[in-house]
Amino acid sequence: MRVTVGIGTVAGLGVFVVVGASLAAPRSPSPPAQTAAADATTRIVASAQAFLATLDEVGRTKVQFPFDSPQKARWSNLPTGIFKREGLRLGDLPQAQRAAAMALLSTALSQEGYRKVVEIMRGDEILRGAPGGPPRGGGGGVRFGEDEYYLAFLGVPSVSAPWMLQFGGHHLAINLTLAGRQATLAPSHTAAQPASYSFEGRTVRPLGDENDRAFALMATLDAAQRSQAILGYSVSDLVLGPGHDGQTIQPEGLRASALSASQQTMLMDLVREWTGIAHDAFAAPRMDEIRASLPQTYFAWSGPTTAGSAAYFRIQGPTLVIEYAPQRGVDHIHTIYRDPTNDYGARFARE
């Protein structure tokens, strides 16, 4: 399938839905699953090498960083002009290189993950002041739009050694660390402003499923469950967002063990909105890992429970932190996805 995204025609964008996750006990990855992960890594590395082959020496110098360099933590929700990113800027690339960069993303992520990335970028193009969009804000050199996204590699793309694909800009930070048949997206930041917009005659909500699934779950909670899930204080922004690497928060809210089987399935479907950004071969074992610690996982809520309201929620377990935080209304959303045991692939280095 081919889709025009405003930065040229790129391949690989599509949508799929997975529902009804099983809550059976997790198993070690099967040989077919291991093969699928290895094959995915091979394809991602090949796509990265194809992109690198389009660059001259100056471009390769700009895009390449040591695996353990400070660049690893150089990501933010802020736009250009407030936060300075390093790497290759999409707006500086000729069309062929830009298409190769987007093809790499479509290979590295799931179809749903790639869709989210494209729709977040497209929303930022509206913020830039496209016809019919909201007025341009910020001033002082602040820049929005699809040109203002940066690509970097930490370490050399490899089918065995750890390396990272880093892509981001305003309201987006994809940090994909790969190590052979293993991969993690933690930490990654997805956000949306506007949270809803019109494109080619249809309404686009980049993070709409995250919102809708959370309110649907809340609607099933009984009074006792709600009393545990709803925090006794207000949370209006991400607690462990950009700049909070290595920090922790005390688990709060409703234990997933207090949910019914159908409610647990709804919770896992909600979690998948973040884990499922990764390539399917990596998302499936990650979901198994989270499911294994479901009894120690908490769901917490702050704000109104009526669908369409601005409310914060958090999902937290031994290897998981997800936060969803509206910013002064429903049309500006920030989210974060972390694994306190494996941000930036820390666990891979120990194995």
Side-chain angles (χ1 to χ4, degrees), residues 1-17 40 43-44 47-48 51 63 75-80 85 87-91 93 97-128 144-153 164-178 183-197 199-200 202 204-211 242 272-283 322 324 333-337:
M1 180 176 181
R2 297 179 70 83
V3 177
T4 300
V5 299
I7 58 174
T9 301
V10 295
L13 178 59
V15 178
F16 68 91
V17 178
R43 291 193 296 272
I44 294 167
S47 188
F51 170 72
V63 80
W75 56 275
S76 174
N77 60 291
L78 298 173
T80 301
R85 293 174 174 84
L88 282 176
R89 175 179 173 270
L90 284 190
L93 300 179
Q97 292 176 353
R98 192 159 174 161
M102 297 305 292
L104 169 58
L105 287 176
S106 70
T107 301
L109 305 178
S110 68
Q111 290 179 309
E112 177 68 8
Y114 183 67
R115 177 194 65 81
K116 287 181 196 285
V117 165
V118 169
E119 291 182 352
I120 289 168
M121 294 170 65
R122 187 180 290 140
D124 210 52
E125 186 69 15
I126 289 176
L127 277 184
R128 191 180 68 85
F144 303 106
E146 292 165 336
D147 284 348
E148 301 301 326
Y149 289 80
Y150 286 71
L151 176 68
F153 297 130
M164 177 186 289
L165 167 62
Q166 189 176 70
F167 181 80
H170 182 220
H171 282 157
L172 179 68
I174 296 294
N175 295 307
L176 174 63
T177 304
L178 298 106
T184 180
L185 270 177
S188 285
H189 169 81
T190 52
Q193 185 187 16
S196 177
Y197 60 87
F199 181 76
E200 295 183 342
R202 62 185 177 89
V204 177
R205 300 169 66 218
L207 304 180
D209 289 341
E210 288 85 333
N211 177 88
R272 188 184 288 106
E273 292 300 328
W274 283 268
T275 63
I277 294 173
H279 189 287
D280 301 346
F282 305 121
I322 289 171
Y324 176 103
I333 308 297
H334 289 178
T335 86
I336 191 71
Y337 167 77

- Charged N to carboxylate O under 4.0 angstrom, Glu125 versus Arg122?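 Result for this pair is no, no salt bridge flagged.
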- Query: Do the charged groups of Lys116 and Glu210 touch, with an N to O distance under 4.0 Å?
  - Reply: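 Salt bridge present between Lys116 and Glu210.
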Taking every non-hydrogen atom, the tightest pair across [X] and [Y]:
{"X": "Ala283", "Y": "Gly276", "value": "CB-CA, 4.1 Å"}
{"X": "Pro206", "Y": "Pro194", "value": "CD-O, 4.5 Å"}
{"X": "Asn77", "Y": "Pro242", "value": "OD1-CG, 3.5 Å"}
{"X": "Ser188", "Y": "Asn175", "value": "OG-N, 3.2 Å"}
{"X": "His279", "Y": "Ala40", "value": "CE1-CB, 3.6 Å"}
{"X": "Gly169", "Y": "Arg85", "value": "O-NH2, 3.1 Å"}

What's the spacing between [X] [atom1] and [Y] [atom2] if we round to 0.5 Å?
{"X": "Leu105", "Y": "Tyr114", "atom1": "CG", "atom2": "OH", "result": "6.5 Å"}
{"X": "Arg115", "Y": "Ile277", "atom1": "CZ", "atom2": "CD1", "result": "9.5 Å"}
{"X": "Glu148", "Y": "Asp124", "atom1": "CD", "atom2": "CG", "result": "8.5 Å"}
{"X": "Thr275", "Y": "Tyr337", "atom1": "OG1", "atom2": "OH", "result": "6.0 Å"}
{"X": "Arg128", "Y": "Asp147", "atom1": "CZ", "atom2": "CG", "result": "7.0 Å"}
{"X": "Met102", "Y": "Glu146", "atom1": "CE", "atom2": "CD", "result": "8.0 Å"}

[X] vs [Y] side-chain heavy atoms within contact, under 4.5 Å:
{"X": "Ile44", "Y": "Phe282", "result": "yes"}
{"X": "Glu119", "Y": "Tyr197", "result": "yes"}
{"X": "Glu112", "Y": "Glu273", "result": "yes"}
{"X": "Met121", "Y": "Leu90", "result": "yes"}
{"X": "Phe167", "Y": "Leu172", "result": "yes"}

- Partner of Leu165 by side-chain contact (heavy atoms from CB on, under 4.5 Å), out of Leu151, Leu109, Leu185, Ile174: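 With Leu165 as partner, Leu151, Leu109, Leu185, Ile174 yield a single side-chain contact (heavy atoms from CB on, under 4.5 Å), made by Leu151.
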- Message: Over 60° means perpendicular and under 30° means parallel, so tell me whether His171 and His189 are parallel, tilted or perpendicular.
- Response: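 Rings of His171 and His189: tilted, 30 to 60°.
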- In sequence, state the C-alpha distance, the side-chain angles, and the governing distance for Phe51 and Thr107, and then conclude on side-chain contact (heavy atoms from CB on, under 4.5 Å). CA-CA 12 Å; Phe51 170 72; Thr107 301; over 6 Å; no
- Can Leu127 and His170 be said to form a side-chain contact (heavy atoms from CB on, under 4.5 Å), step by step? CA-CA 10 Å; Leu127 277 184; His170 182 220; 3.7 Å; yes
- Task: Might you work through the side chain to side chain donor-acceptor pair (under 3.5 Å) test for Thr335 and Thr190, ending with a clear yes or no?
- Result: CA-CA 5 Å; Thr335 86; Thr190 52; 2.7 Å; yes
